[in-house]
2 protein chains.
Amino acid sequence: MKGYRLGELEELILLTVGILDQDAYGVAVLEEIKNQTGRKVNISAIHTVLSRLEDKGFLKSYMGGATEERGGRRKRLFTLSATGRAAIQEVKTLRNKLYDQLPPLALDFSYGQ
Amino acid sequence: MKGYRLGELEELILLTVGILDQDAYGVAVLEEIKNQTGRKVNISAIHTVLSRLEDKGFLKSYMGGATEERGGRRKRLFTLSATGRAAIQEVKTLRNKLYDQLPPLALDFSYGQ
DNA sequence: TCATATTTGTAGAATATATAAGTAAAAAAA
DNA sequence: TTTTTTTACTTATATATTCTACAAATATGA
């Protein structure tokens, strides 16, 4: 583990946890990504990444209460750490800086040569 | 190779090729990334990724002329394909959509409990 | 032709992502 | 209270991406 850099899926999941704010756990992250992007990520991949993001210090987690009226195992809820927030900001700033430097799409209207 | 998804470094390099526009080859990409982000990517990693991006259809390449007054092997120059341009646009749009949904940073001024 | 500079290419290890199978915990039903 | 169902997490393995070290190719100049 390099520890400080974010992979492509790691970044997406980190962002999604940020958006979900207070109800981010495996299945909710899966659903949110599907709704927002149409992408169907395997649930195990999500759990793996959530766990690795916590190892790397970008997320914190705690077990949800067992009081909710439903069957099933308890949820592990994730929230951004200060480092996680900073990482999102950093990545966002950098990307936008780069996007802004892309030359405008040069449409090629020449033909016949 | 999955073929259609962009890894973290792949995205950065694709963007950089777009920014460099007409003089994108291995070393130039390396320098540009270093200047823009401070990140020192290994030159071989860049070559590997450039080549894979071409395989995936996001980049095109051709060998540069041998006329320049310098030593060294000929450059392989890369430009965005139509697919590559589209991928950048898509990724940019999606990211900004997500960024916009992040709840504002909730500064926690509570203390003492 | 030989030495040097510059760049690209290849190989293997480390890290990240995807898929499949299994385990655990809680509620509901029998 | 035992079993079944529901929900979610964990582990294992395969594939893909990224990183590092090293080798090869192509140009210049002595």
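Numbered from 1 within each chain, the chains take letters A, B, ... in sequence-line order.
The shortest distance between the side-chain N/O atoms of A:Lys40 and the OP1/OP2 oxygens of C:dT19 is not below 4.0 Å. Contact check, B:Arg39 against D:dC19: a side-chain N or O comes under 4.0 Å of OP1 or OP2. Phosphate proximity of C:dT7 to B:Tyr25: present, with a side-chain N or O under 4.0 Å from OP1 or OP2. Taking only side-chain nitrogens and oxygens, A:His47 never comes nearer than 4.0 Å to OP1 or OP2 of D:dT10.
Between B:Lys56 atom NZ and D:dT17 atom P the separation is 4 Å, expressed in whole Å. Rounding to whole angstrom units, CZ of residue B:Phe78 and C1' of C:dT8 are separated by 9 Å. Across the protein-nucleic acid pair, B:Asn42 atom CG and D:dT17 atom P stand 18 Å apart, rounded to whole Å. We find that CD1 of A:Ile13 is positioned 13 Å from P of C:dA16, with the value rounded to whole Å. At whole-Å resolution of the value, CZ in A:Arg5 and P in C:dA14 are 18 Å apart. Between the CZ atom of A:Arg76 and the C1' atom of C:dA26 there is a distance of 16 Å, given to the nearest Å. Rounded to an integer number of Å, the gap from CD1 of A:Ile46 to P of C:dA18 is 9 Å. Rounded to an integer number of Å, the gap from B:Glu10 CD to D:dT17 P is 5 Å.
For A:Thr48 and A:Gly72, each mapped to the nucleotide of DNA chain D holding its nearest heavy atom, the one lying further toward the 5' end belongs to A:Gly72.
Among the nucleotides C:dT17, D:dT26, D:dC9, the one closest to the side chain of A:Lys75 is D:dC9.
Side-chain atoms of B:Phe58 and B:Leu6, non-hydrogen and from C-beta on, do get closer than 4.5 Å to each other.
No hydrogens or angles were tested; on distance alone, nothing pairs the side chain of A:Arg74 with the base of C:dA24 as donor and acceptor under 3.5 Å. Side-chain atoms of B:Ser44 and base atoms of C:dG9 include a donor and an acceptor less than 3.5 Å apart.
The backbone N or O of B:Phe78 sits nowhere less than 3.5 Å from a side-chain atom of B:Ser61 that would complete a donor-acceptor pair.
Salt bridge A:Arg52/A:Glu10: present, at least one basic N to carboxylate O contact under 4.0 Å. Using a cut-off of 4.0 Å between Lys/Arg side-chain N and Asp/Glu carboxylate O, A:Glu11 and A:Arg95 are scored as salt-bridged. Using a 4.0 Å cut-off between a side-chain N of Lys or Arg and a carboxylate O of Asp or Glu, B:Arg39 and B:Glu8 qualify as a salt bridge.
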